[in-house]
Amino acid sequence: MSDYRAPTRDMEFALRSLAGFDEMAKACNYEDASPDVVAAILEEAAKFAGNAIAPLNRSGDETGVHLDENRCVQTPDGFKEAYQQYIEGGWAGLQFDAELGGQELPFSLAIPVQEMIHAANMAWGLCPLLSQGATEALSENADAPLKQMLLPKMISGEWTGTMNLTEPQSGSDLATIRTQARPEGDHYRITGQKIFITWGEHDMAENIVHLVLARLPYAPAGVKGISLFAVPKFIPDADGNPGERNDCYALSLEHKMGIHASPTCVMSYGENGGALGYLVGQENQGLACMFTMMNNARLTVGLQGVAVSERALQMARSYVAERIQGTAPGDLEPSPIVRHPDVRRMMMTMKALTEAGRGLAYSGCVAVDYAKHAELDADQRSYYQRRADLLTPLVKGWCTEIAQEVTSLAVQCHGGMGFIEETGVAQLYRDARILPIYEGTNGIQALDLIGRKIIRDRGLAMQELLADMRATAEAASTASALDDQRLQVFEQSILQLEEALQLVLDSSANEHFVGSSAFNFLMLTSTVTAAWLMLKATLLASQQSTGEAGDEFLTARQVTTHFFVDHILSRCAGYLASVKAGEDSIMALPETAL
């Protein structure tokens, strides 16, 4: 497997220029988030990702994890040592409160760091991803004593966190969960079983804080009767250190298609009378509390799609430059396969999708920073909250779908060698397959987009986004940043999205139509939004260009945008046709035809 080198210049451009990080940092009074600080963090994170965890990716996949006789998970060689470097580097606390040990930098600055980690080793990176999500949920919802008990060690990275939602009978339908919580003084006793718990048990940290959804005895039925509890593996003692072992254990580990080095656990609570848990937030408000974690987790899962795509792109780029096979058009002797037209098509498809996905993910995270910061007035925060809410299902859905395409193309670029495990590219393909599934399947993301982000506000957030797209198109026309033909293609895609939006609003009461058209509407919206960001990137690159030979990076942005418009944006007509066909072509089918 080729070495991973973080594309720090691409990341810095996407964050600071395209996503507008610098303007956000100024507006939200993040004085410490200067360009020099951003550059230094990206440089050091690149060293950590490339040197400490990337070399463990292949070996971790081959070794996997196992549950010993004491029901403790043993991680692959090197994982614990790399995690200790993660703690010592202060990477766990970038975006968290200084009062609790964090660095209080913007959430969006932690995003390129997370991309590097997941590109280097996605299985390893899932541990800090879930921990940061659990920390966010506690930071937003826990009372002061519980925060003081748990957060300093979680923000330092010494303790990790998990999210416990799913049960054997419930899947994504949380209304049917059966885990029980029984009041007992100032805490609760938790009994039940959870499945698919990522990093639910491991040996990398001294304690694990599980966030568990459960029902109180007097709770109403359905999702309105769910509460959230913090259940530590070891109950903190009076000094805040791990004390008595709690009544929660891993029963077994799942044998998975990919991410073999990430323990996916079946967790049991209360085999010996009940696991001690602490209420997070208010009783029967557990799902709302958990969504604090889930929404940002959905953004970071989308980011995982970008990360694994970047790693696949790098591996393919290295291979096609070295592999000699056939004689390319115009050559007189056997050529590197990168000179063959179809290989170039695949490489450019991978590059365009990855760069567009990065711009989309980073933009969504910058909107989160705007929305939560008190420096802005209420109207501004509401505007950015709508933008963050709208982009979240796009980031999670589209960026994980393109990861399937990009990793598959990486295998194809390798030819038969891509199907051989020794090259390492097959692992990326296997690892990426979970991304459209967890943190809410992409079908759920599509329904969320239409139901909560479009119909609920009658398309307000989408109209705001469309207005930004039109403004960019006008600016591109004035600056001649895109030729007339390609600009017309982009403007046509805006009209296609507007038409689909109106169809959705007009048919919002028809559940069959909504369910049948949701995924294609998600893909249409995401593709047009990605094209807008690519065009915006071209505009910014042209403004930064000096016209000298050293500007290959900025020139490449324009070339990639041209390819995106020519080869990717044309998919929008098909998505619109599928939205229109929707109910008639899906629900009208007899079940015997499926």
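Sorted by first and then second residue, the side chain to side chain donor-acceptor pair (under 3.5 Å) pairs with a member in residues 399-412 read Thr400-Asn442, Glu401-Asn442, Glu405-Arg571; sequence neighbours excluded.
A 4.5 Å side-chain heavy-atom check between Met347 and Val320 finds at least one atom pair inside the cut-off. The side-chain heavy atoms of Phe21 and Pro106, taken from C-beta on, include a pair separated by under 4.5 Å. Under the 4.5 Å side-chain criterion, counting only non-hydrogen atoms from C-beta, Leu109 is not in contact with Asp369. Here the side chains of Pro336 and Glu322 are not in contact, with every heavy-atom distance at 4.5 Å or above. Contact check for Ile402 versus Thr354: no side-chain heavy atoms found under the 4.5 Å cut-off. Residues Met348 and His567 fail the side-chain proximity criterion, which asks for heavy atoms closer than 4.5 Å. Using a 4.5 Å heavy-atom threshold, the side chains of Thr529 and Met469 count as touching. Cys572 has its side chain out of reach of Gln492: every pair of non-hydrogen atoms, C-beta onward, lies at least 4.5 Å apart.
A donor-acceptor pair is defined here as one N or O able to donate and one able to accept, closer than 3.5 Å; no such pair exists between the side chain of Ser507 and the backbone of Asn510. For Arg430 (side chain) and Ile259 (main-chain N/O), no donor-acceptor pair under 3.5 Å exists by modelled atom type. Side-chain atoms of Ser508 do not come within 3.5 Å of backbone N or O of Val504 as any donor-acceptor pair. In this structure, the side chain of Ser318 does not engage the main chain of Met315 through any donor-acceptor pair within 3.5 Å. Lys396 places a side-chain N or O within 3.5 Å of a backbone atom of Gly440 that can act as its donor or acceptor partner. The main-chain N or O of Met417 is found under 3.5 Å from a side-chain atom of Thr423 such that the two form a donor-acceptor pair. In terms of modelled atom types and a separation under 3.5 Å, the side chain of Ser335 and the main chain of Asp331 share no donor-acceptor contact. Panel note: side chain Asp484, backbone Gln488; no donor-acceptor pair is recorded below 3.5 Å. Checked by atom type and distance alone, the side chain of Arg298 never pairs as donor or acceptor with a backbone atom of Pro393 at under 3.5 Å. Checked by atom type and distance alone, the side chain of Asn121 pairs as donor or acceptor with a backbone atom of Ile53 at under 3.5 Å.
Around CD of Gln380, the count of heavy atoms belonging to other residues, nucleotides or ligands within 6.0 Å exceeds 12. For Ile324, the CD1 atom sits in a packed shell: over 12 heavy atoms of surrounding residues, nucleotides or ligands are nearer than 6.0 Å. Few gaps surround CZ on Arg381; more than 12 heavy atoms of other groups in view lie less than 6.0 Å from it.
Minimum interatomic distance between Gln95 and Ala110 (heavy atoms only, all atoms of both residues): OE1-CB, 3.7 Å.
Lys351 and Thr560 are linked by a side-chain donor-acceptor pair at a separation below 3.5 angstrom, with hydrogens and angles left out of the test. Counting only N and O atoms by type, the side chains of Gln314 and Tyr319 include no donor and acceptor under 3.5 Å apart. Between Gln114 and Gln132, the side chains place a donor N or O and an acceptor N or O closer than 3.5 Å (distance only, hydrogens not considered). No side-chain donor from either of Tyr370 and Gln385 sits under 3.5 Å from a side-chain acceptor of the other.
Between Asp342 and Arg345 there is a salt bridge, since a side-chain N of the basic residue sits under 4.0 Å from a carboxylate O of the acidic one. Ion pairing between a basic and an acidic side chain is recognised when a charged N comes within 4.0 Å of a carboxylate O; Arg387 and Glu464 show no such pairing. A salt bridge between Glu310 and Arg358 is present, with a side-chain N of the basic residue lying under 4.0 Å from a carboxylate O of the acidic one. A salt bridge between Asp22 and Arg16 is present, with a side-chain N of the basic residue lying under 4.0 Å from a carboxylate O of the acidic one. Here Asp389 does not pair with Arg452 in a salt bridge; the nearest charged N to carboxylate O distance is not below 4.0 Å. We find that Glu12 and Arg9 are not joined by a salt bridge, their nearest charged nitrogen and carboxylate oxygen being 4.0 Å or further apart. A salt bridge links Asp566 to Arg486: one of the charged nitrogens lies within less than 4.0 Å of a carboxylate oxygen.
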- Message: Using the rule given for salt bridge (Lys or Arg N to Asp or Glu O under 4.0 Å), can you reason through Asp448 versus Lys453, listing the C-alpha separation, both sets of side-chain angles and the distance that settles it, and then say yes or no?
- Response: CA-CA 7 Å; Asp448 175 64; Lys453 313 303 167 57; 2.7 Å; yes
- Can Glu355 and Arg557 be said to form a salt bridge (Lys or Arg N to Asp or Glu O under 4.0 Å), step by step? CA-CA 9 Å; Glu355 288 185 5; Arg557 300 297 310 199; 3.7 Å; yes
- With side chain to side chain contact (heavy atoms under 4.5 Å, CB included) as the test, would you mind laying out the steps for Arg323 and Val338 before giving the verdict? CA-CA 8 Å; Arg323 172 65 168 154; Val338 71; over 6 Å; no
- Query: Would Gln445 and Leu449 count as a side chain to side chain contact (heavy atoms under 4.5 Å, CB included) if you check the C-alpha gap in whole Å, the side-chain angles of each, and the deciding distance to 0.1 Å?
  - Reply: CA-CA 6 Å; Gln445 304 305 313; Leu449 172 64; over 6 Å; no
- Message: Run Leu360 and Cys399 through side chain to side chain contact (heavy atoms under 4.5 Å, CB included) and show every step you take.
- Response: CA-CA 8 Å; Leu360 182 60; Cys399 293; 4.2 Å; yes
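Shown are Leu353, Leu409, Val406, Leu428; of these, the side-chain contact (heavy atoms from CB on, under 4.5 Å) with Ser309 is made only by Val406.
To the nearest 0.5 Å, atoms CG (Leu447) and CZ (Phe519) are separated by 11.5 Å. Ser517 contributes atom OG, which lies 11.0 Å from atom CG of Leu522 (distance to the nearest 0.5 angstrom).
Residues Tyr30 and His373 place their aromatic rings such that the two centres sit under 6.0 Å apart.
By the 30° and 60° cut-offs, the orientation of the rings of Phe13 relative to Phe553 is perpendicular. Between Trp124 and Tyr86, the ring-plane angle classifies as perpendicular under the 30° and 60° cut-offs.
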